[in-house]
Amino acid sequence: MTTTISSPAEHLSRELGSDQALSTRPIDRIKYAHDASHFLYTPDVVVEARTARDVAAAFRASASSGAPVVLRSGGTSLSGQAGGAGMLVDVRKHFRGVEVLDGGARVRVQPGSTVRQVNAHLAPYGRKIGPDPASEGAATMGGVIANNSSGMACGTQFNTYNTIESMTFVLPSGTVINTAHKDAEAQFAREEAELVAKLEQLKRRVRDNQESVDTIERHFALKNTMGYSLNAFLDYESPLDIFMHLLVASEGTLAFIAEAVLRTVEVPRLKTTTIAVYPTIDAATRSLPALFDSKAATLELMDSRSIAVGRGFDSVPEQITGFELDQHAALLIEYHANEEEQLREYERAGTKLLGELDLATPAEFSTDPKQAAKAWAFRKGLYAQVAEARPSGTTALLEDIAVPVEDLADTCGGLQGLFDEYSYDDAVIFGHAKDGNIHFLITDRFEGDENLGRYDGFNEAMVDLVLGAGGNLKAEHGTGRVMAPYVRRQYGDELYEVMVELKRAADPRGVMNPGVIITDDEREHMKNFKLNPQVEDEIDSCVECGYCEPVCPSRDLTMTPRQRIVVRRARAQAIKDGDTELVKHIDKEYQYEGIDTCAVDSMCVTACPVGIDTGKFIKSLRRGQAGAVESAGWAAAAKAWGPGNKLASTALTGAHYLPASLVEKVTDVARALVGEDTVPSYRPELTKGGVSRSKAFGTRIGDPNAEPVGVFVPACVNSMFGPQGEGIGASAAFAKLVERAGLALVVPEGIDGMCCGTPWASKGMATGHDIMQRRVNDELIAATDGGRLPVIVDAASCTHGFQDMAETIGITVIDAVAFVNDKLVDKLEVSNKIDSITIHPTCSAKHLSLIDDLSQVAAAAAETVNVPREWNCCGYAGDRGMLHPELTQAATKREAEEVAEFGAECHASSNRTCELGLTAATGKDYEHVLEVLERVSR
């Protein structure tokens with residue numbers, strides 16, 4: 001490879017024509033360097049490619065500078081293929097397009113869209129893509145295609161290789177080919193004559209060698225992501241078809257895949273599930289052929305150590321309890337069908353087979369989604385449980401292999417023996433037994449002769465075990481760096497040389513992800529191990545998988561939760577190394593990117609496999625930064641919340657009657673003097689102030705003759721910010737609905753001084769929060785008759801906050817949307833439904849499991865209910881959207897585009913500040929869903 005002659009950033013800046021899309025800042029290089037693998041490579045420059053032309057510019061810069069190029073669409077990456085030195089090109093942020101074709105029969109995807117997002121677009125058509133990785137929420141299509149990912153029920157039949165129809169790719173030479181174009185074959189031959197000639201030569205070389213043919217057929221009869229997809233030389237004739245399928249599982253080493261069209265598969269309507277516990281793993285695996293013949297869709301294997309781990313879960317499937325655990329193993333068995341009778345037939349066959357076996361506990365099939373969810377939580381939670389429990393500073397290493405099903409029992413037994421021999425005491429085995437594909441998880445700190453020697457010895461023994469069984473060293477996760485030195489051993493010299501020539505023909509300079517799949521270094525897998533320094537307890541268990549990233553509102557603006565954590569780790573390492581300059585740089589840049597622009601919405605914890613709440617962690621950092629004066633000010637605000645709330649409402653009303661531009665200028669000056677994270681900016685979406693709660697409702701709402709069934713706590717946010725447009729506001733709407741339903745609720749006497757505490761918690765003002773919590777708890781104990789009555793709150797984030805406060809005193813807190821759906825809707829007469837409504841679920845609604853209630857209340861008011869597929873936390877986060885409007889703008893961009901396509905008659909949510917955020921994002925007046933229901937039930 002050509003040696004670097006000058007800074008790759010200089011070459012890249014020249015090719016891009018601007019330096020706005022690239023960065024050499026240490027904090028950016030650090031935050032992009034990390035993935036879920038146990039390797040760490042820090043790039044020299046990071047590029048956020050906006051178009052395929054930007055990627056081509058990176059290739060040109062690579063040609064002139066000699067710097068390698070790594071394409072990164074996500075970064076879950078378990079095998080070390082998503083990082084490297086030189087130029088790291090992010091092809092996720094601006095490549096998230098999804099287009100459904102032919103009524104769902106096909107779908108066009110870009111590399112940054114996740115499996116879950118693609119399937120959400122296909123769901124209305126009863127379709128999904130074939131690959132079904134467990135990491136669907138984080139796995140991007142770029143990674144799925146580049147690794148030929150499969151999953152639970154996918155097998156080899158429905159993986160990317162077998163469902164891809166066309167793609168647009170960019171070669172390192174700069175050539176762009178859309179294989180769907182009618183002249184694509186001719187263009188390929190014309191513009192890449194040498195590559196085409198080499199592909200023809202390699203096709204003949206492979207096909208004319210019977211040993212090569214036999215080797216390829218043997219390895220690709222199983223799940224296989226080891227090396228390149230050599231089966232393409234046997235399966236396809238034309239050079240373009242061959243190359244397109246070689247790009248599947250090529251891990252960014254041959255070309256950039258800008259978009260692809262995949263054939264989709266039908267989503268089964270019905271499922272039935274059970275867990276069968278066998279006395280030994282041998283007994284479990286020997287039952288596989290019969291279960292496979294019975295048309296089982298999934299057969300997920302878990303060893304005895306997995307069962308032991310599963311017994312520690314909060315929700316434990318009954319089948320794995322009630323017996324003394326020894327050498328047992330479990331199979332999660334599921335059948336799929338579209339017709340009830342077909343499902344029952346499968347179920348009868350499965351029940352008969354299992355009934356003939358000596359099982360530890362009864363294995364009864366169930367179509368109950370809750371039972372299925374519990375079973376799958378056991379299976380999918382193994383990685384999280386073991387990874388979370390690992391000692392601080394160690395790394396979780398998740399590997400996968402595939403062997404013929406008949407060799408699975410011996411292979412699992414061999415692995416368990418290796419775990420014992422090399423002292424990996426917490427290792428677990430689980431995986432897709434139907435395909436002979438299993439995963440195993442070990443944890444270690446890859447440092448020091450003892451640890452590295454143990455891993456090296458284990459790895460060599462594991463390779464011998466798998467290849468001795470005629471298996472594949474990689475089944476789903478890609479070759480990466482972790483198995484690159486073993487590609488030759490799996491395929492032999494001849495086929496390895498075919499791969500080397502393929503790589504050289506497509507990437508003559510060897511700059512595309514060097515060290516991945518093809519390497520001259522037999523010790524590639526033993527270098528650049530990631531060593532995690534100990535950080536704060538709240539984030540120390542992070543495995544850097546990136547599951548949190550798609551749900552983070554700041555992901556396209558500054559940082560994701562994973563990036564916030566890895567930068568903290570880099571800071572801890574810099575302190576340990578005495579690198580004061582790096583510590584200063586991180587602290588300076590982290591303030592805005594890591595702390596100020598975090599919405600602290602805790603959406604991250606809903607996706608994190610090890611339960612890390614990065615939002616809560618950032619609150620703790622804000623708490624540590626709170627100065628004495630600021631803390632005292634917020635404590636005073638808590639003591640005088642009633643007058644303070646009224647003052648803010650009055651100020652908003654006054655500002656509403658002034659020219660918006662004038663008010664904005666005033667707040668801009670104040671922000672410049674005091675600080676942008678202290679003084680909110682006046683926003684065009686802000687309305688007049690609301691009415692004080694005691695004045696609006698007194699001490700009771702509803703039917704004056706009815707016995708109160710609860711306590712109504714109207715949210716202070718609704719009295720601070722008045723209703724949108726001509727609306728009456730959530731609190732007034734709820735009161736009217738309660739009255740129409742003939743019910744009654746009491747209102748606490750000290751309502752004007754009550755708040756859920758969120759403003760203090762989000763800003764880290766602990767003293768003020770404690771003052772407010774004590775007041776709220778005293779008021780609620782009195783109003784609820786010591787906890788006899790439930791509390792109902794009419795703003796989702798406030799419900800969440802009151803729940804956190806009241807859980808310590810045993811009081812039940814319910815959101816008004818859930819209360820209306822459960823207690824009021826059936827008592828209302830709705831005679832004039834609107835045609836359509838678009839709703840915005842909120843982060844608090846997600847935490848409260850309120851989204852179904854929100855949809856059902858909306859459905860009571862409208863004929864059609866639209867829920868944007870791209871919805872996410874709006875980032876308004878109380879006043880965060882006024883402090884940093886750019887956060888809300890970035891968080892809502894894609895949702896706003898989808899909302900415009902719906903063109904609904906009405907727009908609603910369940911939280912006042914979120915309504916303001918969506919109003920700003922879409923230009924549509926968002927109101928509380930209860931306001932809509934109140935109007936149509938008058």
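Side chains are part of it too, since the values below use all heavy atoms of this structure and drop only hydrogens, waters and symmetry mates.
Taking F169 as the reference, F243 meet the ring-ring contact (aromatic ring centres under 6.0 Å, His included) condition, with sequence neighbours excluded. Qualifying ring-ring contact (aromatic ring centres under 6.0 Å, His included) partners for Y161, counting only residues two or more places apart in sequence or in other chains: H245. For R92, the side-chain hydrogen bond (donor to acceptor under 3.5 Å, both in side chains) test picks out E549, with sequence neighbours left out. In this structure Y32 satisfies the ring-ring contact (aromatic ring centres under 6.0 Å, His included) test with no other residue, sequence neighbours excluded. Annotation: side-chain hydrogen bond (donor to acceptor under 3.5 Å, both in side chains) contacts of T479 (sequence neighbours excluded): none. In this structure D493 satisfies the side-chain hydrogen bond (donor to acceptor under 3.5 Å, both in side chains) test together with R488, sequence neighbours excluded. Residues satisfying the side-chain hydrogen bond (donor to acceptor under 3.5 Å, both in side chains) test with K503, not counting sequence neighbours, are D507.
In this structure, E522 places its CD atom where only 12 or fewer heavy-atom neighbours from other residues, nucleotides or ligands lie under 6.0 Å away. For R53, the CZ atom counts as loosely surrounded, since its 6.0 Å shell holds 12 or fewer non-hydrogen atoms of other residues, nucleotides or ligands.
Under 3.5 Å, the side chains of N162 and Q157 contain no donor-acceptor pair of N or O atoms.
Residues V196 and A189 come closest through the heavy atom pair CG2-CA, 3.8 Å. Minimum interatomic distance between L22 and A9 (heavy atoms only, all atoms of both residues): CD2-O, 4.1 Å. The two residues A153 and T298 come nearest to each other via the heavy atoms CB-CG2, 3.7 Å.
With S173 as reference, E192 is the one residue of E192, R509, E194, R60 to meet the side-chain hydrogen bond (donor to acceptor under 3.5 Å, both in side chains) rule.
Judged by distance alone, with hydrogens and angles left aside, the side-chain atoms of N231 form no donor-acceptor pair with the main-chain N or O of F220 at under 3.5 Å. With hydrogens and angles disregarded, no donor-acceptor distance shorter than 3.5 Å links the side chain of S135 to the backbone of A138. Listed for the S229 side chain is a donor-acceptor partner under 3.5 Å among the backbone atoms of V248. The main-chain N or O of A475 is found under 3.5 Å from a side-chain atom of D400 such that the two form a donor-acceptor pair. For the pair R72 (side chain) and D90 (backbone), a donor-acceptor distance under 3.5 Å is absent. No donor-acceptor distance shorter than 3.5 angstrom exists from the side chain of E251 to the backbone of V516, with no hydrogens or angles considered. Although no hydrogens or angles enter the test, the distance criterion places a donor-acceptor pair under 3.5 Å between the side chain of R207 and the main chain of F233. D35 places no side-chain N or O within donor-acceptor distance of the main-chain N or O of C545, the cut-off being under 3.5 Å.
Screening residues 469-505 for ring pair (Phe, Tyr, Trp, His ring centres under 6.0 Å), with sequence neighbours left out, gives H219-Y491, H439-H477, Y486-H525. Pairs engaging residues 175-191 under the salt bridge (Lys or Arg N to Asp or Glu O under 4.0 Å) rule: none recorded [sequence neighbours left out]. Listed by first and then second residue, the ring pair (Phe, Tyr, Trp, His ring centres under 6.0 Å) pairs involving residues 77-117 are F95-F256 (not counting sequence neighbours). Applying the ring pair (Phe, Tyr, Trp, His ring centres under 6.0 Å) test to pairs two or more places apart or on separate chains, none has a residue in residues 71-93. Listed by first and then second residue, the salt bridge (Lys or Arg N to Asp or Glu O under 4.0 Å) pairs involving residues 121-150 are R116-E136 (not counting sequence neighbours).
Electrostatic pairing of D464 and R489 counts as a salt bridge here, judged by a charged N lying under 4.0 Å from a carboxylate O. Salt bridge absent: D54 and R50 never bring a charged side-chain N and a carboxylate O closer than 4.0 Å. In this structure, R96 does not pair ionically with E870, as no charged nitrogen and carboxylate oxygen lie closer than 4.0 Å. D521 has a carboxylate O that lies under 4.0 Å from a charged side-chain N of K527, or vice versa, which qualifies the two as a salt bridge.
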Audit row: E200, K203, salt bridge (charged side-chain N to carboxylate O under 4.0 Å, His left out) steps and yes/no: CA-CA 5 Å; E200 290 281 16; K203 179 179 74 171; 3.4 Å; yes
Evaluation steps, side-chain contact (heavy atoms from CB on, under 4.5 Å), between Y228 and V487: CA-CA 9 Å; Y228 290 113; V487 174; over 6 Å; no
side-chain contact (heavy atoms from CB on, under 4.5 Å) assessment of R869 paired with Q117: CA-CA 7 Å; R869 292 178 293 265; Q117 287 168 336; over 6 Å; no
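Taking 4.5 Å as the limit, some side-chain heavy atom of Y455 sits within range of a side-chain heavy atom of H38. Contact annotation: the side chain of L415 approaches that of M462 to within less than 4.5 Å [non-hydrogen atoms, C-beta and beyond]. No side-chain heavy atom of V144 sits less than 4.5 Å from a side-chain heavy atom of V109. In this structure, the side chains of I129 and M141 come closer than 4.5 Å at one or more pairs of heavy atoms. Contact of the L71 side chain with the N513 side chain is not registered, since no non-hydrogen atoms from C-beta on lie closer than 4.5 Å. Taking 4.5 Å as the limit, every side-chain heavy atom of T253 sits out of range of all side-chain heavy atoms of I518.
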